[in-house]
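What you see is a predicted model; the values in this text were computed from it and never measured. Below, chain A is the first sequence line, B the second, and so on; all start at residue 1.
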Protein chains: 2
Amino acid sequence: MQPTVIDLTVASRNPACDNRSVLYHDYPGQHCSIAASLEVVGERWSLLIIRDILRGRRRFDQMQESLGIARNVLTKRLNRLIEADIVERRRYQTGPDRYEYFLTEKGLDLWPVLMAYLGWGDKYCEPETGPPRLIVHKECGGTVNDRRICQKCGRELEVRDAESIPGPA
Amino acid sequence: MQPTVIDLTVASRNPACDNRSVLYHDYPGQHCSIAASLEVVGERWSLLIIRDILRGRRRFDQMQESLGIARNVLTKRLNRLIEADIVERRRYQTGPDRYEYFLTEKGLDLWPVLMAYLGWGDKYCEPETGPPRLIVHKECGGTVNDRRICQKCGRELEVRDAESIPGPA
DNA sequence: CACAGTGGGTTGCATAAAGAAACTCTAATG
DNA sequence: CATTAGAGTTTCTTTATGCAACCCACTGTG
């Protein structure tokens with residue numbers, strides 16, 4: 001299994017993507033950053049879509065198949081994420097227009113959330129086999145913990161400093 | 001900007017992850033710690049309930065009012081969390097039985113996820129007013145970042161080392 | 001004693017969202 | 001000319017959520 005090369009080029013908000021969809025999640029009376037975040041990405045599929053894009057699945061059908069999500073729901077989610085400036089849609093072909101989805105800087109900044117879930121899941125969902133994948137520091141090869149700190153060199157890492165390799169499982 | 005190699009794919013399905021509880025979320029074909037975590041707590045209210053309990057709202061009506069969640073849904077969520085061993089229900093009075101809800105160790109271990117969401121939300125949802133709440137190190141009073149590191153004394157903190165106080169907003 | 005209030009839920013019904021599957025559209029390929 | 005691929009729509013069904021009302025066993029108040 002070879003890792004996928006991902007272009008993390010970041011772009012600005014695309015005003016062409018108009019969408020009248022509303023944020024149907026409304027946690028009333030919450031003046032809390034956690035609640036505010038959850039309004040945007042705290043919903044069934046969003047984080048898995050973001051993980052998939054991070055993983056290199058940039059196209060509609062790839063994501064749909066990998067996630068097993070209904071196609072109409074995937075459409076809605078992607079539009080919501082685009083509207084929230086987390087995902088960017090780029091046409092890679094005209095004629096029949098074809099698109100790929102990329103994470104914006106804001107989307108990439110959700111990496112800590114994914115790492116936190118990964119750490120928790122490794123501890124409680126895969127306790128005896130060990131983590132199915134390890135996140136390692138590209139430069140020195142040390143494993144990265146859920147604080148995004150390299151266990152070998154001690155550096156505090158950003159998303160671009162790390163990669164995922166098969167774990168002991 | 002150079003391409004980044006990231007692969008959060010996960011290889012093998014672990015039967016230990018199977019839970020006889022009714023996980024109505026089923027992300028088919030996902031054999032990944034992130035997906036596994038989201039099956040348990042990646043749903044509309046769970047994390048907010050956990051946040052509430054962490055902040056000391058331990059009783060049904062307190063949570064119901066603070067969250068604005070429907071009562072029947074709160075019942076269901078709490079039962080799911082209890083079943084998943086994230087929340088523990090303790091009777092504090094007999095006669096008419098009265099209960100309080102506490103986090104188990106497993107529940108407390110979700111603190112990193114909350115801190116990651118908090119960090120993201122502070123950055124993107126409350127950019128001008130500043131964070132509505134600050135997490136501080138109880139011992140030295142320094143603020144805690146989303147790596148759960150005290151900015152003042154540099155220590156790596158656990159959930160019991162920190163507390164939440166009103167922020168500048 | 002009557003009656004309101006409190007804590008911790010259930011029940012029933014209406015609506016909103018998710019899922020499954022079929023359909024569309026355009027262009028390229030055989 | 002038929003088929004395939006990518007990226008969605010459309011339609012229909014199932015599931016989840018929200019809302020309001022109700023229940024029950026006390027407890028405190030006049």
Side-chain angles (χ1 to χ4, degrees), chain A residues 16-30 38-49 52-53 57-83 87-102, chain B residues 21-30 35 38-49 52-53 57-83 87-102:
Chain A
C17 299
D18 64 315
N19 195 322
R20 59 238 143 268
S21 94
V22 207
L23 295 178
Y24 62 88
H25 281 186
D26 186 27
Y27 302 105
Q30 302 292 321
L38 289 171
E39 267 185 46
V40 189
V41 292
E43 155 279 342
R44 181 159 186 177
W45 293 106
S46 300
L47 278 183
L48 288 177
I49 291 171
D52 255 31
I53 297 177
R57 294 187 222 273
R58 291 191 285 265
R59 301 197 181 173
F60 190 91
D61 278 20
Q62 279 181 319
M63 290 189 238
Q64 195 272 318
E65 192 190 350
S66 126
L67 295 169
I69 185 177
R71 306 175 71 76
N72 49 358
V73 177
L74 179 54
T75 301
K76 272 189 216 162
R77 287 298 148 267
L78 285 170
N79 287 336
R80 253 169 67 78
L81 291 172
I82 288 164
E83 210 186 347
V87 163
E88 193 211 338
R89 188 185 195 231
R90 290 195 207 145
R91 191 171 50 221
Y92 65 90
Q93 168 191 312
T94 51
D97 293 355
R98 296 285 178 271
Y99 302 96
E100 285 180 322
Y101 298 90
F102 292 83
Chain B
S21 80
V22 192
L23 297 175
Y24 64 87
H25 281 188
D26 187 26
Y27 302 105
Q30 299 297 316
L38 288 170
E39 267 185 46
V40 189
V41 293
E43 156 278 341
R44 180 157 185 178
W45 294 105
S46 301
L47 279 182
L48 288 178
I49 292 171
D52 259 30
I53 299 177
R57 293 194 188 114
R58 289 193 282 268
R59 302 197 181 172
F60 190 91
D61 278 19
Q62 280 180 318
M63 289 189 239
Q64 195 271 316
E65 195 190 348
S66 123
L67 295 171
I69 184 176
R71 305 171 71 76
N72 49 358
V73 177
L74 180 54
T75 301
K76 269 189 218 163
R77 286 299 149 266
L78 285 170
N79 287 336
R80 253 172 67 79
L81 291 172
I82 288 163
E83 213 184 342
V87 164
E88 196 194 328
R89 190 186 195 230
R90 290 191 207 147
R91 191 171 51 221
Y92 67 91
Q93 166 191 314
T94 51
D97 294 356
R98 296 286 178 270
Y99 304 97
E100 285 181 319
Y101 298 88
F102 292 84

Quiz item: Is there a salt bridge (Lys or Arg N to Asp or Glu O under 4.0 Å) between B/R80 and B/E43 once you walk through the steps?
Solution: CA-CA 11 Å; B/R80 253 172 67 79; B/E43 156 278 341; 5.0 Å; no

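A pairwise comparison of heavy atoms in A/D52 and A/S66 identifies OD2-OG, 2.6 Å as the closest pair. Among all heavy-atom pairs drawn from A/Y101 and A/I82, the shortest one is CE2-CD1, 3.8 Å. Between B/I53 and B/V87 the shortest heavy-atom distance is CD1-CG2, 3.9 Å.
Taking atom CD of B/E65 as the reference point, atom C1' of C/dT6 lies 13 Å away to the nearest angstrom. Between A/Y99 atom OH and C/dA27 atom P the separation is 13 Å, expressed in whole Å. The distance from atom CG of B/L48 to atom P of D/dT17 is 14 Å, rounded to the nearest whole Å. Atom P of nucleotide C/dT10 and atom NZ of B/K76 are separated by 11 Å, given to the nearest angstrom. Rounded to whole Å, atom C1' of C/dG19 lies 11 Å from atom CD of A/Q64. Look at CG on B/L67: it is 14 Å from P on D/dT17, rounded to the nearest Å. Put simply, CZ on A/R77 is 9 Å from P on C/dA17, counting in whole angstrom units. Summarising the geometry, the separation between CG on B/D97 and C1' on D/dC23 is reported as 15 Å, rounded to the nearest angstrom.
Between the side chains of B/R59 and B/Y92, at least one donor N or O sits under 3.5 Å from an acceptor N or O.
Contact of B/R59 with C/dG7 (side chain to base): no donor-acceptor pair of N or O atoms is detected under 3.5 Å.
Considering only side-chain N and O atoms, A/W45 lies under 4.0 angstrom from the phosphate OP1 or OP2 of C/dG19. Taking side-chain N and O atoms only, B/R89 has a distance below 4.0 Å to OP1 or OP2 of C/dG9. Between A/R98 and C/dA27 there is no side-chain N or O to OP1 or OP2 distance below 4.0 Å.
Partners of A/N72 under the side chain to side chain contact (heavy atoms under 4.5 Å, CB included) rule, at least two apart in sequence or in another chain, are A/A70. A/R98 is linked by a side-chain hydrogen bond (donor to acceptor under 3.5 Å, both in side chains) to nothing, counting only residues two or more places apart in sequence or in another chain. In this structure, the side-chain hydrogen bond (donor to acceptor under 3.5 Å, both in side chains) partners of A/R71, at least two apart in sequence or on a different chain, are A/D61, A/Q64. Scanning for side-chain hydrogen bond (donor to acceptor under 3.5 Å, both in side chains) contacts around A/Q62 gives an empty result, with sequence neighbours left out.
Summarising the geometry, atom CG belonging to B/L78 is positioned 5.0 Å from atom CD1 belonging to B/I49; distances are rounded to the nearest 0.5 Å.
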Review item, nucleotides 20-24 of chain C N/O atoms under 3.5 Å of protein N/O:
residue	atom	partner	partner atom	Å
C/dA20	N6	A/N72	ND2	2.7

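When each of D/dT17, C/dG8, C/dT26 is scored by its nearest atom to the side-chain atoms of A/P96, the top-ranked nucleotide is C/dT26. Here the nucleotide nearest the side chain of B/Y92, chosen from C/dG8, C/dA18, D/dT9, is C/dG8.
Residue A/R91 is classed as having no contact, given no heavy-atom separation below 4.0 Å to the nucleic acid.
Recorded end-axis angle for the helix from C/dC1-D/dG30 to C/dG30-D/dC1 stands at 10°, based on five pairs per end and rounded to 10 degrees.
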